[in-house]
Amino acid sequence: MRVRFAPSPTGALHIGGARTALYNWLLAHSRARSDGGERGTFVLRIEDTDRERSTAENVEQILDALRWLGLDWDEGPIFQSAAAERHREVLEQLLASGHAYHSNAAKADVDAYKLSHGAERGFRGVAEACGAVRLRVPDDGETAFDDVIRGEIRHPHASMDDPVIARADGSVLYNFAVAIDDLDAGITHVVRGEDHISNTPKQLLVFEALGVSPPRYAHLPLLHGLDGKKLSKRHGAASVQELRDAGYLPEAVVNYVALLGAGFAADEEFFTLGELAERFRLERVSKNPAIFDERKLRHLNGQHLRALGLEELTARLEAYTGHSGLEGAVAISSEKIQTLADFWPLAGFVFDGPAEDSAAFAKVIDRDGGRDRLRAARGALAAVDPFTAGEVEAALRGLVERLGCKPGAIYQPIRVAVAGTTVSPGIFETVALLGRDRTLALIDRALARE
RNA sequence: GCCCCCAUGGUCUAGCGGUUAGGACGCCUGCCUUUCACGCAGGAGAUCGCCGGUUCGAACCCGGCUGGGGGUACCA
């Protein structure tokens, strides 16, 4: 089995593209494949024939995104542009055999043709001495293929236009180049987005004209945004790069994106790349387009974050924030964050000092005896020894008991005093991490505040 | 317009002729340190897009319709 991922480097790697890459990777690494053979080969091909829009930066960005996701390829990257000569050769071959012909017909000619022959009739041109090259589509019959995911898909020839496969300058177009490249790379399974369904018969016709047998095809449903429209920039983080910047883990992105349409049983959903590959079955992939829901990604990200372990999570957070010495704060925060980006807003006060949140101060300390309770808490904390989370907890619980107030009436003022905000890691752990001197100083500072 | 694909709670899905239509995210309630999150225990939320047909029986099979999506480039 040989599969491929063939992005065109006209922009960053989008989530939809990432999923296509992932499914190809999973298929190549799947153990439950129908052919029962050893691991498949994952080929990476860069479709850079659109010279205007393809850039080296985009290529690098795509490779970088794939590496970040852990989707390593076995062959490539192969650049489609490097095969220009071979493309031209095959084109000549088709021209010579009569499977293709030169034509100068333009959009207006195609429209006129449909006006006189019927809107559902595919355009048929007349061979000319020069011009673009069109592939001859038979008038009768149909081109059908058995899509691994969707079953039989048929396109009647009568409604297919003779597709243009090369420009007048001889450079070949997508549907032709793809067929030749897949053929030359020995691709056995083409797994790509649903937007390519109607391209498939054109490519199939190229194979047929060449007298070779085509690969199998599987068309993945597309990914949509929360509004049901095709996923794009306006849906927030739409590229892998943006997801990384937003604090998501590659493990979680891979896990979530795989789940969208993989057709797994719903009893379990936390998976590593390897586990995904073990479970993956191409035939099981869903036919419905899925909506990318960042909330579920967040949830899954939290799961993966916690599964990392303190040491690894600390390393990731240090890399993400650019700070070091984070371990203590990470230890008390890991249960409370869902993305790497959540960490600093939650625990940054440990390093930067309390945030200036006057609303929190007014609401929690500067009213209803908040100061008095904070003063009492200070007294209780001053006597704690050793200054551990356990001892801090015992002291504060004792205070709550003595004062007969609700726990929060004591804890929230302390929280606001040391963190500056009403949200922080657990209060006992936080206070213990800060240490007695710092804690008391911060409380004094809050008590002195007007 | 024409061609093609799709259709289970807000979202992702399980289901494969007989189920109180299951799970997860999200939402709500309770408990857990009146935060946030994790965890646990509950809860609300689906005439399985609509109409016909096949069948003793349909979310599951067939047809039509509607809705959504994709394609319709000398882009990829």
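With A:V392 as the fixed residue, the side chain to side chain contact (heavy atoms under 4.5 Å, CB included) test singles out one of A:I414, A:T439, A:V431: A:V431. For the side chain to side chain donor-acceptor pair (under 3.5 Å) with A:Q203, the qualifying choice from A:D182, A:T143, A:N175 is A:N175, the only one to do so.
Counting non-hydrogen atoms of other residues, nucleotides and ligands closer than 6.0 Å to CZ of A:R121 gives a total of 12 or fewer.
Note that CG of A:L300 and CZ of A:R295 are 14.5 Å apart. Values are rounded to the nearest 0.5 Å. Once rounded to the nearest 0.5 Å, the distance linking CG of A:N255 with CD of A:E275 reads 8.5 Å.
Comparing B:G22 with B:C3, their P atoms are spaced 41 Å from each other, to the whole Å. Going from the C1' atom of B:C6 to that of B:G49 covers 12 Å, rounded to whole Å. Of the C1' atoms belonging to B:U47 and B:A59, the separation is 12 Å, rounded to the nearest Å. For the P atoms, the distance linking B:U66 with B:C75 amounts to 35 Å, nearest Å. Going from the C1' atom of B:G15 to that of B:U72 covers 36 Å, rounded to whole Å. Rounded to a whole angstrom, the distance from the C1' atom of B:U13 to that of B:C48 is 13 Å. The gap from the C1' atom of B:A58 to that of B:C51 amounts to 15 Å, rounded to the nearest Å. Atom name P, nucleotides B:A46 and B:U33: the rounded distance is 35 Å, in whole Å.
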Pairs under 3.5 Å (N/O, protein and nucleotides 43-50 of chain B):
none

Between the protein and nucleotides 58-62 of chain B, are there any N/O to N/O pairs under 3.5 Å, and if so, what are the atom names and distances?
none

Quick test: give all pairs of protein nitrogen or oxygen and nucleotides 4-10 of chain B nitrogen or oxygen below 3.5 Å, distance rounded to 0.1 Å.
unit_1 : atom_1 : unit_2 : atom_2 : d
B:C5   : O2'    : A:R150 : NH1    : 2.4
B:C5   : O2'    : A:E194 : OE2    : 3.2
B:U8   : OP2    : A:N288 : ND2    : 3.0

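Checked against the 6.0 Å centroid criterion, the rings of A:F5 and A:Y23 do not qualify as a close aromatic pair. Centroid-to-centroid, the aromatic rings of A:Y320 and A:W344 stay 6.0 Å apart or farther.
Under the Watson-Crick or G-U wobble criterion, with both distances below 3.5 Å, B:C61 is paired with B:G53. The nucleotide B:G30 finds its pairing partner in B:C40, both defining distances of the Watson-Crick or G-U wobble pair being shorter than 3.5 Å. In this structure, B:U47 forms no base pair with any nucleotide, since neither Watson-Crick nor G-U wobble geometry is met with both distances under 3.5 Å. Searching all strands for a Watson-Crick or G-U wobble partner of B:C25 with both distances below 3.5 Å returns B:G10. Using Watson-Crick or G-U wobble geometry with both donor-acceptor distances under 3.5 Å, B:C2 finds its partner in B:G71.
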Where along nucleotides 31-39 of chain B does protein come under 4.0 Å, by heavy atom, of base (B) or sugar-phosphate alone (S), with - for untouched nucleotides?
--BBBBBSS
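Taking only side-chain nitrogens and oxygens, A:R167 comes nearer than 4.0 Å to OP1 or OP2 of B:A76.
A:F176 has its side chain out of reach of A:P163: every pair of non-hydrogen atoms, C-beta onward, lies at least 4.5 Å apart. Between A:E251 and A:L308, the closest side-chain pair of non-hydrogen atoms falls below 4.5 Å. Two residues are said to be in side-chain contact when any heavy atoms from C-beta on lie closer than 4.5 Å; A:W73 and A:V43 fail this criterion.
As judged by a 4.0 angstrom heavy-atom cut-off over every strand, A:D342 is placed among residues making no nucleic acid contact. Across all strands, A:H196 comes closer than 4.0 Å to base atoms (heavy-atom distances). When heavy atoms are screened at a 4.0 angstrom cut-off, A:A168 is found touching base atoms of the nucleic acid. Contact annotation for A:S54: no contact, since no heavy-atom pair falls under 4.0 Å across all strands. A:R284 comes within 4.0 angstrom of sugar-phosphate atoms only, judged by non-hydrogen atoms across all strands, and of no base. No engagement by A:G118 is indicated, since no non-hydrogen atom pair under 4.0 Å with the nucleic acid exists. Within 4.0 Å (heavy atoms only), A:G261 reaches sugar-phosphate atoms of the nucleic acid but no base atom. At the heavy-atom level, A:N104 lies under 4.0 Å from base atoms of the strands shown.
Looking at which nucleotide of RNA chain B each of A:L260 and A:P7 is closest to, the 5′-most match is held by A:L260.
Rounded to whole angstrom, the span from the CZ atom of A:F271 across to the P atom of B:C25 amounts to 14 Å.
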N/O donor-acceptor pairs under 3.5 Å from side chains in residues 396-404 of chain A, not counting sequence neighbours:
unit_1 : atom_1 : unit_2 : atom_2 : d
A:R397 : NE     : A:E393 : OE2    : 2.8
A:R397 : NH2    : A:E393 : OE2    : 2.9

Listing, residues 15-22 of chain A side-chain donor-acceptor contacts under 3.5 Å, not counting sequence neighbours, or none:
unit_1 : atom_1 : unit_2 : atom_2 : d
A:R19  : NH1    : A:L260 : O      : 2.4
A:R19  : NH2    : A:P221 : O      : 2.3
A:T20  : OG1    : A:G16  : O      : 3.2

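You'll find that the side chain of A:K296 is closest to B:C12, out of B:A73, B:C12, B:C74. The listed nucleotides are B:G70, B:A76, B:C2; the one nearest the side chain of A:N175 is B:A76.
Ion pairing between A:E356 and A:R445 holds under the 4.0 Å rule for side-chain N and carboxylate O.
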Test A:H157 against A:L205 for side chain to side chain contact (heavy atoms under 4.5 Å, CB included), laying out the working first.
CA-CA 10 Å; A:H157 290 151; A:L205 252 13; 4.1 Å; yes
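Residues A:D357 and A:T421 have side chains that never bring a donor and an acceptor to within less than 3.5 angstrom of each other. Inspection of the A:D162 and A:Y101 side chains reveals an N or O donor paired with an N or O acceptor under 3.5 Å.
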